Q: 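There's a structure below that I have some questions on.
Treat the numbers as computed from the prediction; the structure is a model and nothing was measured. Values below: every heavy atom of this structure, side chains too, minus hydrogens, waters and symmetry copies.
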Amino acid sequence: QVQLVESGGDLVQAGGSLRLSCAASESISSFFAMGWYRQAPGKQRELVAAIIRGGFTNYADSVKGRFTISRDNAKNTVTLQMNSLKPEDTAVYYCAAAYGSRANDYWGQGTQVTVSS
């Protein structure tokens, strides 16, 4: 079993920045894709950003221009840099990894991001 551990969640004022990290227990080169999802209270989990083998990235419209996903293969880490944070970004953020393109195989336990107005 692969372990994914998120860190970096915090309380921040609107307009501020946070950097989330996802550390994997095996080489992230094993995965076709890795990504960040978030879930706000009473809402479904949604894709925030994904990075695919080859370096391609995909972002939710709500975070384009503000969030950046990146990877560091040497550290087995995927990072989500979040700038210009808004209260609507408040959620638990989850890291996920997939061996193939069909579905995610592993999930982290989540890290809380709270953005105050």
Q: Assess, by modelled atom type and distance only, whether the side chains of Ser17 and Asn83 contain a donor and an acceptor separated by less than 3.5 Å.
A: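 Their side chains do contain a donor-acceptor pair, which is all the 3.5 Å distance test asks for.
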Q: Only one of Leu18, Val48, Val115, Asp89 passes side chain to side chain contact (heavy atoms under 4.5 Å, CB included) with Met82; say which it is.
A: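 With Met82 as partner, Leu18, Val48, Val115, Asp89 yield a single side chain to side chain contact (heavy atoms under 4.5 Å, CB included), made by Leu18.
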Q: Could you tell me whether the side chain of Asn104 and the main chain of Tyr106 form a donor-acceptor pair under 3.5 Å?
A: no
Q: Which heavy atom of Ala49 sits nearest to which heavy atom of Tyr59, and what is that distance?
A: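 Taking every non-hydrogen atom into account, CB-CD2, 3.5 Å.
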Q: Mind checking salt bridge (Lys or Arg N to Asp or Glu O under 4.0 Å) for Lys43 and listing every partner two or more places apart, or none if nothing turns up?
A: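 Partners of Lys43 under the salt bridge (Lys or Arg N to Asp or Glu O under 4.0 Å) test: none.
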Q: Do Phe31 and Tyr99 have ring centroids that are under 6.0 Å from one another?
A: yes
Q: Do Arg38 and Ser62 make a side-chain contact, defined as non-hydrogen atoms from C-beta onward lying under 4.5 Å apart?
A: yes
Q: Could you label the plane-to-plane angle of the Phe67 and Tyr93 rings as parallel, tilted or perpendicular, counting under 30° as parallel and over 60° as perpendicular?
A: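 Correct class here is tilted.
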Q: I need the single residue from Val78, Thr79, Val63 that forms a side chain to side chain contact (heavy atoms under 4.5 Å, CB included) with Trp36. Which is it?
A: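 Running side chain to side chain contact (heavy atoms under 4.5 Å, CB included) over Val78, Thr79, Val63 with Trp36 returns exactly one hit, Val78.
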Q: Surrounding CD of Glu26 (heavy atoms of other residues, nucleotides or ligands, distance under 6.0 Å), is the total greater than 12?
A: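 Atom CD in Glu26 is packed in, count exceeds 12.
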Q: Working to the nearest 0.5 Å, report the span between OG1 of Thr111 and CG of Leu80.
A: 11.0 Å
Q: Is any side-chain heavy atom of Leu4 closer than 4.5 Å to a side-chain heavy atom of Tyr94?
A: no
Q: Under a plain distance cut-off of 3.5 Å, with no hydrogens placed, do Arg45 and Tyr37 share a side-chain donor-acceptor pair?
A: no
Q: At what distance, to the nearest 0.5 angstrom, does CE of Met34 lie from CG of Asn76?
A: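 CG of Asn76 is found 8.5 Å from CE of Met34.
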Q: Minimum heavy-atom separation for Ala24 to Ile28, with atom names?
A: CB-CG2, 3.8 Å
Q: Could you please spell out the steps behind the side chain to side chain contact (heavy atoms under 4.5 Å, CB included) verdict for Gln1 and Gln3?
A: CA-CA 7 Å; Gln1 286 288 317; Gln3 306 294 323; 4.3 Å; yes
Q: With Ile69 as reference, evaluate Asn58, Thr57, Leu20 under the side chain to side chain contact (heavy atoms under 4.5 Å, CB included) test and give the passing residue.
A: Thr57
Q: Just checking, is any N or O donor in the side chain of Gln112 or Thr114 under 3.5 Å from an acceptor N or O on the other one?
A: yes
Q: Give, for atom CD of Glu6 and atom SG of Cys95, the distance between the pair rounded to the nearest 0.5 Å.
A: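 Separation between the atoms: 5.5 Å.
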Q: Counting only N and O atoms by type, is there a donor-acceptor contact under 3.5 Å from the side chain of Arg71 to the main-chain atoms of Ile52?
A: yes
Q: Restricting to non-hydrogen atoms, name the atom on Pro87 and the atom on Ala14 that form the minimum distance, rounded to 0.1 Å.
A: CD-CB, 4.1 Å
Q: Measure the CG-OG distance between Asp105 and Ser30 for me, rounded to the nearest 0.5 Å.
A: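 Going from CG on Asp105 over to OG on Ser30, the span is 11.0 Å.
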Q: Under 6.0 Å from the CZ atom of Arg53, do we count more than 12 heavy atoms belonging to anything else shown?
A: yes
Q: Where do Val92 and Gly110 come nearest, in terms of heavy atoms and distance?
A: CG1-CA, 3.8 Å
